[in-house]
Trainee: 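Have a look at this one.
The sequence lines fix the lettering, A, B, ..., with proteins before strands; numbering per chain opens at 1.
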Number of protein chains: 2
Amino acid sequence: MASIEDVARATGVSTATVSRALRGLASVAEPTRARVQLAAQSLGYVPSAAAASLASGRTKAVGLLTPHVSRWFFAVCIETVEAVLRTHGYDVLLVQLPPGGRTTPGPSRTLPPSRPMLSADLLRKRVDATIVLTLPLVPEELTVLQALGHELVYVGGTVPGLRSVGIDDVAVGRSATEHLLGLGHTDVAYVGASLSPGDWAPPQERYRGYRQAMTAAGLEPGEALVADLTVADGRRTVRELLRRGTLPGALVCACDELAIGVLHELRQAGVDVPGQVSVIGVDDHPHAELHDLTTISQPVAEQAETATRWVMEGLRPGARAGGTEPAPRSERMPTRLVLRRSTGPAQARAT
Amino acid sequence: MASIEDVARATGVSTATVSRALRGLASVAEPTRARVQLAAQSLGYVPSAAAASLASGRTKAVGLLTPHVSRWFFAVCIETVEAVLRTHGYDVLLVQLPPGGRTTPGPSRTLPPSRPMLSADLLRKRVDATIVLTLPLVPEELTVLQALGHELVYVGGTVPGLRSVGIDDVAVGRSATEHLLGLGHTDVAYVGASLSPGDWAPPQERYRGYRQAMTAAGLEPGEALVADLTVADGRRTVRELLRRGTLPGALVCACDELAIGVLHELRQAGVDVPGQVSVIGVDDHPHAELHDLTTISQPVAEQAETATRWVMEGLRPGARAGGTEPAPRSERMPTRLVLRRSTGPAQARAT
DNA sequence: CTGTTAGCGCATTCAG
DNA sequence: CTGAATGCGCTAACAG
């Protein structure tokens with residue numbers, strides 16, 4: 001385990017110079033730096049992150065708070081954040097925080113139905129900044145996070161007072177609904193917003209967009225069909241609708257996974273899509289095309305990349321120095337209707 | 001930023017006692033511990049991971065090396081490892097290392113076709129143990145990893161000299177093939193093994209199993225159809241087979257994603273599955289059922305959980321103390337044929 | 001441009 | 001069971 005002293009001795013300079021040389025600070029003569037680098041290399045010297053962190057007060061790590069790891073949106077975000085951070089020499093501290101009652105991975109163990117309060121202790125003194133992915137934050141948690149006093153960016157939604165990047169979820173809900181209305185549908189329902197407080201914002205916002213579009217068209221918006229966002233939830237919802245005999249002519253789904261479940265169960269029940277029922281999703285999930293799902297696509301990697309870039313900018317030496325608190329920016333990225341064959345003209349239905 | 005000294009002062013004990021009390025060491029009187037905990041709590045004291053690490057030589061972090069984040073197998077492993085480690089108070093240091101030439105997430109940038117050598121510098125002095133997920137390791141990289149001198153567990157394959165947990169990939173390939181042979185198929189092909197060296201082991205092993213089964217049945221094993229493991233690769237492979245007019249009667253796919261792509265392209269081309277062609281995959285991916293895909297299921301979360309448990313056991317104070325290097329264990333988990341409707345009896349074909 | 005000097009905040013001896 | 005003293009390996013002033 002070579003230490004900085006070994007390198008200093010081998011090079012005939014002080015440890016301070018070694019430190020400066022290896023970190024690429026300007027104030028080192030090139031020949032000196034070269035010798036130091038050579039010695040470090042040949043000794044296999046790797047700086048101790050712990051020691052550097054203790055001495056400098058910076059950790060060179062960014063916290064990544066997420067409610068899920070394996071769901072598409074989150075997985076892509078994590079992948080992107082990790083890749084970008086690493087090019088900057090930063091580590092990612094992954095913290096998975098269940099959004100609510102759910103089964104943990106592994107042989108059937110369950111967490112209590114209410115998620116434990118987010119404790120900032122997981123992050124304090126361990127990261128220089130934090131990125132939060134679409135985690136439903138209760139006000140108290142937001143306070144706790146802000147109290148950490150470092151860069152904080154939210155991805156996949158909007159949080160008052162926080163810098164955030166995402167899409168315009170209301171507009172997405174509206175566009176999806178308008179697409180169906182434009183096809184002549186009048187009985188359009190929305191699937192995917194659970195109405196309990198503290199729930200995911202995007203589905204709720206998309207539901208708002210749905211209601212706006214319905215109202216603007218002079219139609220009565222329906223109650224949201226409550227469902228979580230997985231394939232299984234989509235299937236369950238359709239089974240329920242079929243059992244009750246209240247299948248609408250068109251369905252706006254909060255996301256593609258859900259829509260794929262809906263589609264599958266409809267087709268399996270012999271319902272013609274889009275002949276009898278039209279279905280639209282949100283995401284443009286990689287599997288959406290396989291199911292011929294019309295959807296509103298959103299750029300996920302780009303959202304994560306922008307958030308990471310903001311964080312890196314804020315961490316650049318000199319930034320935020322003069323008490324220049326960055327204005328809470330909010331960037332909404334473009335979305336786009338992707339036409340496939342799960343939506344079609346409304347049919348005159350037998351009464 | 002309360003420090004351990006503040007807590008010591010507030011409690012009227014030494015910092016050493018605070019340290020011992022908060023870490024739950026036995027040698028502290030219960031009343032003392034209670035007072036310390038109370039003070040720590042009310043002061044909002046959180047130990048500095050960096051200082052603790054520097055002083056103790058342990059990092060309370062585990063490295064997680066993975067070639068992908070968003071592909072199903074890896075995402076589930078990451079999710080599981082993170083969850084289990086956190087219950088033990090360990091952090092996960094996620095390191096994504098592209099397996100070879102591939103596009104990085106985000107707006108179209110590409111990595112050089114040959115993956116950069118894994119540098120142990122990313123891990124050295126930063127983690128107490130490492131879990132490697134199905135990363136094709138060249139011998140030199142293996143050496144480098146072992147030189148870290150800490151716990152090392154491999155998930156999703158076998159590496160000589162390394163503790164590993166996975167499935168019996170040869171048996172999986174054999175079972176899948178035997179299933180098709182049992183249905184009377186004789187022209188069975190294998191899709192998914194790229195033959196370049198340093199390539200993923202599981203697809204290669206499954207291919208071996210395929211060949212064993214074919215040979216045992218007195219049939220000539222075919223060359224593997226080269227493909228990566230994504231939906232797009234499956235589709236591309238089928239298009240190619242159709243163009244050449246060499247569609248076999250049955251296909252063993254290296255994994256479900258690939259198989260789903262294969263299935264989709266076949267059905268879209270009007271090929272009857274399983275009437276004209278049977279398809280089987282490996283994984284039991286969550287979407288497999290939607291495509292009616294017959295497959296060999298493997299327990300992914302359980303593999304990750306076992307690996308994590310091994311690591312935690314090795315990190316327990318006292319473990320590995322008496323130079324008791326743990327024997328390189330290898331655990332193979334059970335797999336199981338999941339029958340759906342993508343495989344069926346061989347048909348007499350027109351000549 | 002480089003060296004000297006102090007800590008950073010804890011865990012761990014070793015005494016009691 | 002508890003306290004005092006030591007140092008983990010580095011960075012950040014401050015001098016030169």
Trainee: Considering only side-chain heavy atoms of A:Arg20, which listed nucleotide, C:dT2, C:dG9, D:dT2, is closest?
Mentor: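 Nearest listed nucleotide: C:dT2.
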Trainee: If you check every side-chain atom of A:Ala29, which of D:dA5, D:dC10, C:dT2 has the closest atom?
Mentor: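 Closest of the options to the side chain of A:Ala29: C:dT2.
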Trainee: Round to the nearest Å and state the distance from A:Leu25 atom CG to D:dC10 atom P.
Mentor: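 One finds 15 Å between P of D:dC10 and CG of A:Leu25, rounded.
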Trainee: Counting just side-chain N and O atoms, does A:Thr17 come under 4.0 Å of either OP1 or OP2 of C:dG3?
Mentor: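 Checking A:Thr17 against C:dG3: at least one side-chain N or O falls below 4.0 Å of OP1 or OP2.
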Trainee: Would you call A:Asp91 and A:Leu85 a side-chain contact if the rule is heavy atoms closer than 4.5 Å?
Mentor: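 No, side chains not in contact.
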Trainee: What nucleotide, of D:dG9, D:dT11, C:dG9, holds the atom closest to the side chain of A:Ala51?
Mentor: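 The nucleotide sitting nearest to the side chain is D:dG9.
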Trainee: Would you confirm whether B:Thr17, through its side chain, and B:Val13, through its main-chain N or O, come within 3.5 Å as a donor-acceptor pair?
Mentor: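 No, because the side chain of B:Thr17 does not come within donor-acceptor range (under 3.5 Å) of the backbone of B:Val13.
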Trainee: What is the distance, rounded to the nearest whole Å, between atom CD of A:Glu30 and atom P of C:dT2?
Mentor: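 Distance check: A:Glu30 CD to C:dT2 P gives 10 Å.
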Trainee: Give a yes/no answer on whether the side chain of B:Thr32 brings an N or O atom under 4.0 Å of OP1 or OP2 in D:dT2.
Mentor: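 For D:dT2, OP1/OP2 do have a side-chain N/O of B:Thr32 under 4.0 Å.
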Trainee: C:dT12, OP1 or OP2 - any side-chain N/O from B:Arg23 closer than 4.0 Å?
Mentor: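 So the side-chain polar atoms of B:Arg23 do come within 4.0 Å of the phosphate oxygens OP1 or OP2 of C:dT12, strictly under.
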Trainee: Could you tell me how far apart A:Arg9 (CZ) and C:dT2 (C1') are, to the nearest whole angstrom?
Mentor: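 So the CZ-C1' distance, A:Arg9 to C:dT2, works out to 18 Å.
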Trainee: Would you say A:Ser14 places a side-chain N or O within less than 4.0 Å of OP1 or OP2 belonging to C:dT2?
Mentor: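 The answer is no; no side-chain N or O of A:Ser14 sits under 4.0 Å from OP1 or OP2.
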Trainee: In a check of side-chain contact (heavy atoms from CB on, under 4.5 Å) between A:Ser48 and each of B:Lys125, B:Arg126, B:Arg124, which one passes?
Mentor: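 Of B:Lys125, B:Arg126, B:Arg124, side-chain contact (heavy atoms from CB on, under 4.5 Å) with A:Ser48 is met by B:Lys125 alone.
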Trainee: Could A:Arg163 and A:Glu151 be called an ion pair, given the rule that one side-chain N must be under 4.0 Å from one carboxylate O?
Mentor: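 Salt bridge: yes.
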Trainee: Base, sugar-phosphate alone, or nothing: which one does B:Ser27 contact when heavy atoms must sit under 4.0 Å apart?
Mentor: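 Here B:Ser27 touches the bases of the nucleic acid.
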Trainee: Ignoring the backbone of B:Ala52, work out which of D:dC1, D:dA12, C:dC10 is nearest its side chain.
Mentor: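 Among D:dC1, D:dA12, C:dC10, the one nearest the side chain of B:Ala52 is C:dC10.
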Trainee: Check whether any side-chain N or O of A:Arg58 sits under 4.0 Å from OP1 or OP2 of D:dA12, and answer yes or no.
Mentor: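 Result: yes.
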Trainee: Report the distance from atom CG of B:Leu54 to atom P of D:dG7, rounded to the nearest whole Å.
Mentor: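 Between P of D:dG7 and CG of B:Leu54: 14 Å.
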Trainee: May I have the distance from B:Arg124 (atom CZ) to D:dC10 (atom P), rounded to whole angstrom?
Mentor: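 Rounding to the nearest Å, CZ of B:Arg124 and P of D:dC10 are 13 Å apart.
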Trainee: To the nearest angstrom, how far is A:Asp128 atom CG from D:dT11 atom P?
Mentor: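 Nearest whole value for this atom pair: 14 Å.
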Trainee: Would you indicate, yes or no, if C:dC10 has its OP1 or OP2 atom less than 4.0 angstrom from a side-chain nitrogen or oxygen of B:Ser56?
Mentor: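 Checking C:dC10 against B:Ser56, no side-chain N or O comes under 4.0 Å of OP1 or OP2.
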Trainee: Do NZ/NE/NH1/NH2 and the carboxylate oxygens of A:Arg33 and A:Glu30 come within less than 4.0 Å?
Mentor: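 Answer for the salt bridge query: yes.
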Trainee: Among C:dT4, D:dC10, C:dC10, which nucleotide sits nearest the side chain of A:Ala16?
Mentor: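 From the listed options, C:dT4 comes nearest.
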Trainee: I'd like to know whether B:Glu79 forms a side-chain hydrogen bond (donor to acceptor under 3.5 Å, both in side chains) with A:Ser70, so could you lay out the CA-CA distance, the side-chain angles of the two residues, the decisive distance to 0.1 Å, and finally the verdict.
Mentor: CA-CA 7 Å; B:Glu79 182 163 79; A:Ser70 63; 3.1 Å; yes
Trainee: Can you tell me how far P of C:dG9 sits from CD of B:Glu5, to the nearest Å?
Mentor: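 Between P of C:dG9 and CD of B:Glu5: 9 Å.
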Trainee: In whole Å, what is the span from the CG atom of A:Asp6 to the P atom of D:dG9?
Mentor: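 Atom CG in A:Asp6 sits about 9 Å away from atom P in D:dG9.
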Trainee: What nucleotide among D:dC10, D:dG9, D:dG7 has an atom nearest to a side-chain atom of B:Ala55?
Mentor: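 Of all the options, the side chain of B:Ala55 is nearest to D:dG7.
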